[in-house]
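These notes are about the structure you will find just below.
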Amino acid sequence: MTAQESAHSGDVRIAVVPNPNAQQYPRPESLQAENEVPWIYEGSDVPRDEEWNFGKLENGLRYGVRENGVPPGQVSIRVRIDAGSLHEDDDELGYAHLLEHLLFRESQYLGVAEAIPRWQKLGATFGSDTNAETSATHTVYKLDLPNVTPDKLEESIKLISGMVRAPVLSDANVDAEVPIVLAEKRERGGVAERIYEARTRTLFAGQRLADRITIGTEETLTSATGASVQDFYDRWYRPENTVISVVGDLDPMLLASMVEKYFSGWEVEGSPVPAPDFGDPVAPAGADPANPVGEVAVIAEPNVQRFLTLAYLRPWRQVNDTIVYNEGRLQEQLALQLINRRLEARARSGGSFVQAGAGEIKLSRSTHMTVVQVAPLGDDWEAALQDARAVISDALTTPPTREEMDRELAEMEVAYTDLVEQRSVLPAARFADELVNAVDIRETIAAPETFLMVFNSMRAKATPDSVLQETRDLFSADVIRAFYVTPDAGDATERGLRTALLEDVDAAGNARLAAQTVSFDDLPAIGEPGEIVSRGSHGIGEVERITFDNGVTALLLANEYEPGRTYVKVRFGKGYLAFDPEDAAYISLGQQALFAAGLGELGQEELDRLRTGRKLSWQLDIGDGTFSFFSETRRQDLADQLYLFAAKLSMPRWDPNPITRAKALASLGYEQYSASPGSVVSRDLNYYLYDENPVFRTPTPDMLEAADVEGFREVWQPILEQGPIEILIFGDFDREEAVEDLRRTFGALPDRKPIPQEILAREYALGDSGETVVRYHNGEENQAAAVIAWPAGAGRGGMRTSRQLAILTEVISNRLLDAMREKFGASYSPSVRMDWPTDVESGGSILAFAQMQPKDVPVFFAEADRIAADLTKNPPTAEELQRAAEPLRSYYERLSSGNYFFMSELEGSTTDTRRMQSLRGFLQDFQQPSSDRMLTLAQLYLADPAWRMAVLPEGQELATRVPSGGAAAGR
């Protein structure tokens, strides 16, 4: 049984009431009758989610459709094929994924390379709205179609049906697509991929999963032909292996009728081929049944953090997805939360590991396993493993206390109650994904109310002894396997790892957290409640502006469009501009440890207890010119959330333990940056792009070692005290209660200290477009990365220009993708983005990035330069502009239907009225873009030489000549 997760705060939508005058469509013959058990609920007593409609076609294809208006005007389509890498023969490795590519290349209704442009013209963005995924067990084609009409829906279903039913699997298309897949394989490759493959071979030894990596091998891919891929397609792409999910803002009868119309005629020859036997995890001969340690592996990679994986494997078996079964699953979740709470407490207190956690998964219909992952603090991996096992041993020996259980149950209740409250604003894409994922794991789907009901039933039945039994079941195994990755080849041996696993471990009697009560009622007041000096309309819709006598301002928008969601943002200070050159280590540590360091008399454990049974969170964002605290909470917890944010500003605590832990994590992970070109870019890009500005430097282990708690306090305490405060509260809350809560919290803060003039005068400057910045990585010799950037504007005063420039950026992106991926096969996913900072007046850029072979770096630079130069002389065609602008307009139209969008657009508007001005009519800037305007923008921003950066393997020199034929990639 699967349920929707709450939407991320950046993906919020406001539900719309269905149009009562909308056209009604007849019920398709293939829909299952109301008195018939839907195909997905067969063998289950889980209550049916009545908003779904299910159907079966005579050819065996199954589908589910559902009306959903979140976001308005969108329909999400998913087509799932029950075939992934586990269905491949030994000479077909990578074919399931290759087919995913080929279906987009050419099909019945789409010519060569027409799929992406066609979806873009319909408003769908490639890579986000239009995508696909291949796993071990399935391939899913995805489309989120905006601004949908019945005609657009029909065109889209027709195009998808042609892709799935009649792809053109010619030798020419295979020859064209294989280099792109090989580029993807190359970009995936390196240390991380080697570790993944070695871990997979170890943990799933003897099973098909061990040697079926989705991307395949170079040998099988380069040997692929149209005929061989066609053979794989014919075996698995059959209607009885297909499930279609369509969810969106149209009549579900229309959705179902379109599936029926375009897929009912899909007929294939022959009988279905049974899926291969995926195999079971089996212990080696002679293993002790009480501790069946099997395969272990140790792999040394110079640029990695030590990490140990311990897996308890059991066979996967089909289950009857019943209420009782799901009650047991929830007790498993409870048992794991108890263990993870204890492991986290040990890591916080300075134990032998910096991180450890346990989880459970039913993986690829191959195994049901419990996994323990441990990151040792130093090189004593044996102590870290022993300590983690000791915590688990205690959970296997002694039942939890009722107090421990109640704490975790309260956390679970908040999560399931939250789903019920937010059901009406869960987006269509989530529901569409839910159905195909449920089919993949061979379970049902359930409404949030059902999950809450099952949770309450489980809670009434759960006892310490029943949780103890679930814990023991979780750590029972047919075989136990382990995998250890280390930067030091002399750190461990497989014999040593096996010996450590065979040793008995004493239960850690001190692993459990002492019971304690922490209440908001016992916390000190922020100060004397503030007085309101002004209150009235902010000039945009129903947004209200309030000013307190201490200078704090607040913007409030209360509505019930998104039940259960209340967004809170607190803005202050000057962001990155506030830091001095020597502060880089403390910037990084602040992002990890500022809130964990506590407030007042409360440490991290006390803050966690305060959150029990509440929806409270804290997220620190360091922007270009502003700091912000952010949370998504709910109306009943708003007062407490405001108190925590205000208390962090007025009574910060400087607990050294979270800072020490953050230092250790950052130091351990630093060397991993050198392992691949993409990681080097992540580490170094902003430092070099902004003319080696020290505040953008990723701190080295030496810099972190020199940092201490007193230095942390010296950097962050003035930041928390300085500058005006602006609070934004948007969403589901009581306005008058919120005003009173603000009076007692932010209104009660002392007057803020002014930001020093030196900080106010700082600006950002991009580096000169001189010689290419060259950096190096320690990874694969055939991997490189390149970045090119043109300076752009910044500030709210140029927002209309920024929107037009975003269209031009999409034109560049489409052309670069066509050149580097389609024409040369040199890079799998080149990308172009436009950065237009809004809290500062400088520092914007148009930036392109790609990974490729080292010899193809000149190709990237040459193509980017060629595209930029051409755009300064020849404006984009009308078709290009439509492809670029329509997805942007659709994206912002969908985004603008939620509270989070308006909060983000209005932040800072209490001091900068340009923000309000830029909000008005913003969608018009993406409609009917002018070719002449694009030419003017290109001449303004693309005419000057661009800044360049290349990341190469160590020991190689930057190539300066374009290879013969344009690129090095190929077959």
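FYI, side chains are in, hydrogens and waters are out, and symmetry mates aren't considered; it's all heavy atoms of this structure.
Proximity of L57 to Y63: side-chain heavy atoms (C-beta onward) are separated by under 4.5 Å at one or more points. With a 4.5 Å cut-off on side-chain heavy atoms, R948 and F861 count as touching.
Under the 4.0 Å criterion applied to side-chain N and carboxylate O atoms, R186 and E218 are not assigned as salt-bridge partners. Contact check on E863 versus K823 returns no salt bridge, with no Lys/Arg side-chain nitrogen under 4.0 Å from an Asp/Glu carboxylate oxygen. Between E886 and K121, no side-chain nitrogen of the basic residue sits less than 4.0 Å from a carboxylate oxygen of the acidic one, so the salt-bridge criterion is not met. Between R235 and E92 there is a salt bridge, since a side-chain N of the basic residue sits under 4.0 Å from a carboxylate O of the acidic one. The pair R118-E155 meets the salt-bridge criterion, since a charged nitrogen lies less than 4.0 angstrom from a carboxylate oxygen. Under a 4.0 Å N-O distance rule, the pair D280/R208 does not qualify as a salt bridge.
Under 3.5 Å, the side chains of D870 and N874 contain a donor-acceptor pair of N or O atoms. Inspection of the D171 and T225 side chains reveals no N or O donor paired with an N or O acceptor under 3.5 Å. Residues Q74 and S76 have side chains that bring a donor and an acceptor to within less than 3.5 angstrom of each other. Counted by atom type alone, T130 and Y141 present zero donor-acceptor pairs between their side chains at under 3.5 Å. Of the N and O atoms on the side chains of R165 and Q108, not one donor lies less than 3.5 Å from an acceptor on the other residue. In summary, the side chains of E100 and T134 do present a donor paired with an acceptor at a separation below 3.5 Å, with no hydrogens or angles considered. Residues S223 and T220 bring no donor and acceptor atom of their side chains to less than 3.5 Å of each other. Inspection of the Y109 and S161 side chains reveals no N or O donor paired with an N or O acceptor under 3.5 Å. No side-chain N or O of E443 forms a donor-acceptor pair with one of N437 less than 3.5 Å apart.
The two residues I215 and L221 make their nearest non-hydrogen contact at O-CD1, 3.5 Å. Residue M852 comes nearest to A826 through the heavy atom pair CB-O, 3.5 Å, listed as atom of the first residue, atom of the second, then distance. When all heavy atoms of Y776 and E954 are compared, the pair lying nearest together is CB-CG, 3.8 Å.
Listed for the S890 side chain is no donor-acceptor partner under 3.5 Å among the backbone atoms of P887. Counting only distance, with no hydrogens or angles, the side chain of R481 and the backbone of L203 share a donor-acceptor pair below 3.5 Å. Side chain of E240 to backbone of L61: no donor-acceptor contact under 3.5 angstrom is found. With K142 contributing its side chain and I77 its backbone, the two residues share no donor-acceptor pair below 3.5 Å. Between the side chain of D818 and the backbone N or O of N814 there is no donor-acceptor pair closer than 3.5 Å. Between the W316 side chain and the S364 main chain, no donor and acceptor come within less than 3.5 Å of each other. Looking at E114, its side chain does come within 3.5 Å of a backbone N or O of G111 through a donor-acceptor pair. Looking only at distances, a side-chain donor or acceptor of K185 sits under 3.5 Å from a matching main-chain atom of G216. The main-chain N or O of W266 is found under 3.5 Å from a side-chain atom of N59 such that the two form a donor-acceptor pair. Of the possible donor and acceptor atoms, one in the side chain of R821 sits under 3.5 Å from a partner among the backbone N and O of Y828.
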* Please test S366 against Q207 for side chain to side chain donor-acceptor pair (under 3.5 Å), starting from the C-alpha separation and ending with a verdict. => CA-CA 8 Å; S366 298; Q207 294 182 267; 4.6 Å; no
* Please step through salt bridge (Lys or Arg N to Asp or Glu O under 4.0 Å) for the pair K261 and E154, ending with a clear verdict. => CA-CA 9 Å; K261 178 176 180 179; E154 179 161 9; 2.5 Å; yes
* To do: Evaluate the salt bridge (Lys or Arg N to Asp or Glu O under 4.0 Å) criterion for residues R194 and E780: first the C-alpha distance (whole Å), next the side-chain angles of each, then the deciding distance (0.1 Å), finally the verdict.
  => CA-CA 11 Å; R194 281 200 302 275; E780 306 303 293; 2.2 Å; yes
* Asked: Stepwise, does the side chain to side chain contact (heavy atoms under 4.5 Å, CB included) test hold for Q851 with R188?
  -> CA-CA 10 Å; Q851 296 188 71; R188 275 195 202 178; over 6 Å; no
* Kindly determine whether L122 and K152 satisfy side chain to side chain contact (heavy atoms under 4.5 Å, CB included), including the steps that lead there. => CA-CA 8 Å; L122 292 172; K152 284 180 67 174; 4.0 Å; yes
* Y95 vs S228, side chain to side chain donor-acceptor pair (under 3.5 Å): CA-CA, chis, key distance, verdict -> CA-CA 9 Å; Y95 275 30; S228 65; 2.9 Å; yes
* To do: Show your reasoning for whether side chain to side chain contact (heavy atoms under 4.5 Å, CB included) applies to F232 and E88.
  => CA-CA 8 Å; F232 182 88; E88 297 163 350; 3.7 Å; yes
* Take R80 and T242 through the test side chain to side chain contact (heavy atoms under 4.5 Å, CB included) and record every step on the way to the result. => CA-CA 6 Å; R80 178 190 182 276; T242 304; over 6 Å; no
* To do: Go through the steps for D433 and R78 under the test salt bridge (Lys or Arg N to Asp or Glu O under 4.0 Å), then give the verdict.
  => CA-CA 7 Å; D433 289 334; R78 306 290 185 264; 2.6 Å; yes
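Y237 pairs with exactly one of D82, V268, T139 by the side chain to side chain contact (heavy atoms under 4.5 Å, CB included) rule, that one being T139. Of the candidates L145, V65, V79, V65 is the only one forming a side chain to side chain contact (heavy atoms under 4.5 Å, CB included) with V246.
For the atom pair CD of E193 and CD of E187, the computed distance is 12.5 Å after rounding to the nearest 0.5 Å. A distance of 5.0 Å separates CG of N778 from OG of S674, quoted to the nearest 0.5 Å. Here the CG atom belonging to L93 is positioned 9.5 Å from the CD1 atom belonging to I213, to the nearest 0.5 angstrom. Distance check, rounded to the nearest 0.5 Å: NZ of K362 to CE of M369 gives 13.5 Å. For the atom pair H97 NE2 and S85 OG, the distance stands at 10.5 Å (nearest 0.5 Å). Between the OG atom of S264 and the CD atom of E58 there is a distance of 8.5 Å, given to the nearest 0.5 Å.
Around CD of Q318, the count of heavy atoms belonging to other residues, nucleotides or ligands within 6.0 Å exceeds 12.
Residues satisfying the side chain to side chain contact (heavy atoms under 4.5 Å, CB included) criterion with E106, sequence neighbours excluded, are V112, V168, N173. Checked against side chain to side chain contact (heavy atoms under 4.5 Å, CB included), A210 has the following partners two or more places apart in sequence or in another chain: F204. With sequence neighbours excluded, the residues forming a salt bridge (Lys or Arg N to Asp or Glu O under 4.0 Å) with E880 are R815, listed by chain and number.
Taking the ring centre of F278 as origin, the terminal cationic atom of R365 falls outside the region bounded by 6.0 Å and 45° from the ring axis.
Between W236 and H87, the distance from one ring center to the other falls under 6.0 angstrom.
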